[in-house]
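Please read the structure below before turning to the comments.
In what follows, every chain begins at residue 1, and chains take the letters A, B, ... in the order their sequences are listed.
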There are 2 protein chains.
Amino acid sequence: MTDAPGKPRTTIVTLSRSAGVSTSTVSRALKGDPSISPAMRARIVALAAEAGYMPNIMARTLSSGRSGLIGLVLGPATNPFYAMLLEELVRQAAAKQQRFMIIHAGAGPIEDSTAEALLHYRVDGCLITSADLSSRAADVCARNGVPVVMINRIPREHASAVSCDNAEGGASLARFLRAGGHRRAGILHSGAGSSNGIERERGFTEAFDKDGARTVFRYDARSVYEGGYAAGEAIVAMPANKRPDCLFAVSDIIGMGAMDAIRAKGLRVPEDISVVGFDCIPDGARPHYAITTFRQPVAAMVRRGLDLLAARIGEPKLPDESVLLRGEIVIRTSARQAAGGGEVAD
Amino acid sequence: MTDAPGKPRTTIVTLSRSAGVSTSTVSRALKGDPSISPAMRARIVALAAEAGYMPNIMARTLSSGRSGLIGLVLGPATNPFYAMLLEELVRQAAAKQQRFMIIHAGAGPIEDSTAEALLHYRVDGCLITSADLSSRAADVCARNGVPVVMINRIPREHASAVSCDNAEGGASLARFLRAGGHRRAGILHSGAGSSNGIERERGFTEAFDKDGARTVFRYDARSVYEGGYAAGEAIVAMPANKRPDCLFAVSDIIGMGAMDAIRAKGLRVPEDISVVGFDCIPDGARPHYAITTFRQPVAAMVRRGLDLLAARIGEPKLPDESVLLRGEIVIRTSARQAAGGGEVAD
DNA sequence: TCGATTCATGCAGACGTTTGCGTGAAATGA
DNA sequence: TCATTTCACGCAAACGTCTGCATGAATCGA
């Protein structure tokens, strides 16, 4: 088994021998069990440190059932929002001694064999950030009692979720646009599969479509830049009196595409058409875009999500919970605003 | 241990009982050991499928030493290049039944406790994609005989590596620029920490600085958009007769920042200044940028990297290997080219 | 027909930890 | 001083899989 007999890994057994105690004592001492005397604990800890002892998680998992691994299903990382999410997740998880096994990244569907890896490795829980509504991984978890929490998605059966208040975000943007004098909205959505997009649009529409203001255009931009670009082209091609005077993109990446297309075709943003997005991805802050958007509280969402998951790993019977975090509008220059300054970020 | 006594997981023991054979036979049958008769194997496989048997990787690892897990150290995912790499890695690894445990993502340094997780989980190998020269994870692996391969980096002690021929890429771009009549280059590099950037610049300079053509400007853009933007501003601020007539950005993201700044300050790209980048990230293809660049063969790099790693997992004594893959120039419109059409992608 | 191979399978120990239960000694109370 | 509680620790089984070795049966050659 060990092909390098010269270097016998230091294990609990090794330690127990050199300390002259039992393996149980070592095990308990190392994890701070109160039934071990302080003196003994100190001695063992010192020994372990000196020997460079590294617990074998596999053995621990086998024995205790806890792997410390969390399965991660990530959305398309090429959307900067998911990249942000990933970095934040990894950062916070590492601080809590939790590790991610990455199950999926990207837009495509998850293969069955991939989802089953969750079970093979006995992940303690599963985190799903994909906005996509269907999810094989969630099914597998549900069937096997693995707690799952979703970040940036509305929940589903057997799952907790944390997301930002998408409807309120949409409404906030709508109010901002109305205050800026806009009356004819165009909505660049992301299809029926995205719970986020749906909520955002709902909130937007409810706040925008009143007093004669209304939505005059909708386009499925599939959450990608190219989709937004195509939408922008379509809008510029419309007769001027039919065109929307403002655009609500359910994600920044779409809005950026639309802005580029609109400008490339000779119209101005925001003079001719205002554009607002959602997510507050770093790219949107570039001077070229300076897109007015709604910031999701990513760090807080991640923190809450990890907490939710940890709680359910400890106590599987906990009922599903769904938390909504408040985001904030960030006003830049891609949309005209009321002379007085318009709505203040609440 | 099992808190849900109602659902006894089906294990090899379960199967062996219902098949009336020993656990050894089941184990061997399931992995296609030739010493098991075809009839027996078929019977067991059928039984396993019916019972929905899922091997417990933790137990397997404990016994055999192989976890099937690969540690992954990812560069800053907010750079689209790493996002591409991530998606490709996950896709290809999944197809080979390999899983990634993600050790790190982002620009910051790796904490010791994080790097040690590699050992805790007994990863079979480690993949490092960060361009950063120093790497705690690599040290840990080296000390413990865990094979590591680096993608998109030049190798170091105890590591294999696969990257694209960065120097040739730089040279290729330089030839293209020279053919387009450029004589005064500006280089937007990424500091001394990036082996890629250094190689790219070296190749570029060797091919560009001759016959009177030369490099007149260098700027550390730190591999981020903002760095490129600042560089662009600096360039525009230079007296016209001192300015470079073309810019080589060691990565697209930098070049894009520079383009935006140059245009924002009233100069034109490519009419006043040509810009070329490196990586061929999706964002660079947008009409707004259409940046001429050098495409790294990401899929091939990932494939080779995974192969290299698999080989070393199987045969740890294998000497380090370092493979260079050829990329290709992709010509768009961010740089003026010779009337005749210039260099053809080779 | 019999010993020598080959074949298919079983036995049992090992991998490193965890944990319920048991136990001797020290501490406590009367 | 003795019975009782508390304390600190050890015992041993269990987690699920792998694998070197042994074993009985079937096949082979002569």
With sugar-phosphate taken as primed atoms, P, OP1 and OP2 and all else as base, the protein-contact string of nucleotides 5-11 of chain D at under 4.0 Å (heavy atoms; B, S, -) is ---BSBB
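- Between the OH atom of Tyr121(B) and the P atom of dC15(C) there is a distance of 22 Å, given to the nearest Å.
- Between Asp33(B) atom CG and dT17(D) atom C1' the separation is 14 Å, expressed in whole Å.
- With Asp320(B) contributing its side chain and Ala159(B) its backbone, the two residues share a donor-acceptor pair below 3.5 Å.
- Between Met54(B) atom CE and dT17(D) atom P the separation is 12 Å, expressed in whole Å.
- Distance CG (Leu62(A)) to C1' (dT17(D)): 8 Å, rounded to an integer number of Å.
- Applying the 6.0 Å contact sphere to CD of Gln97(A) captures more than 12 heavy atoms from other residues, nucleotides or ligands.
- Between Arg304(A) and Glu321(A) there is a salt bridge, with a side-chain nitrogen of the basic residue lying less than 4.0 Å from a carboxylate oxygen of the acidic one.
- Scanning atom types as modelled, no donor and acceptor separated by under 3.5 angstrom connect the side chain of Ser64(A) and the base of dT18(C).
- Remark: C1' of dT9(C) and CG of Leu30(B) are 16 Å apart, rounded to the nearest angstrom.
- Not one N or O on the side chain of Ser163(B) forms a donor-acceptor pair closer than 3.5 Å with the backbone of Asn152(B).
- When distances are taken from the side chain of Lys31(A) to each of dT18(C), dT17(D), dT17(C), the shortest belongs to dT18(C).
- Checked for salt-bridge contact, Arg99(A) and Asp124(A) miss the test: no charged N lies under 4.0 Å from a carboxylate O.
- In this structure, the nucleotide among dT17(C), dT18(C), dT17(D) sitting nearest to the side chain of Pro55(B) is dT17(D).
- At whole-Å resolution of the value, CD1 in Ile44(B) and C1' in dG10(C) are 12 Å apart.
- Of the possible polar contacts, one joining the Tyr121(A) side chain to the Ser67(B) backbone as a donor-acceptor pair under 3.5 Å is found.
- The line from CG of Leu119(B) to SG of Cys126(B) is 10.5 Å long, rounded to the nearest 0.5 Å.
- Rounded to whole Å, the distance from CZ on Arg122(A) to P on dG16(D) is 7 Å.
- The nearest whole Å value for the distance from the CE atom in Met58(A) to the C1' atom in dG16(D) is 14 Å.
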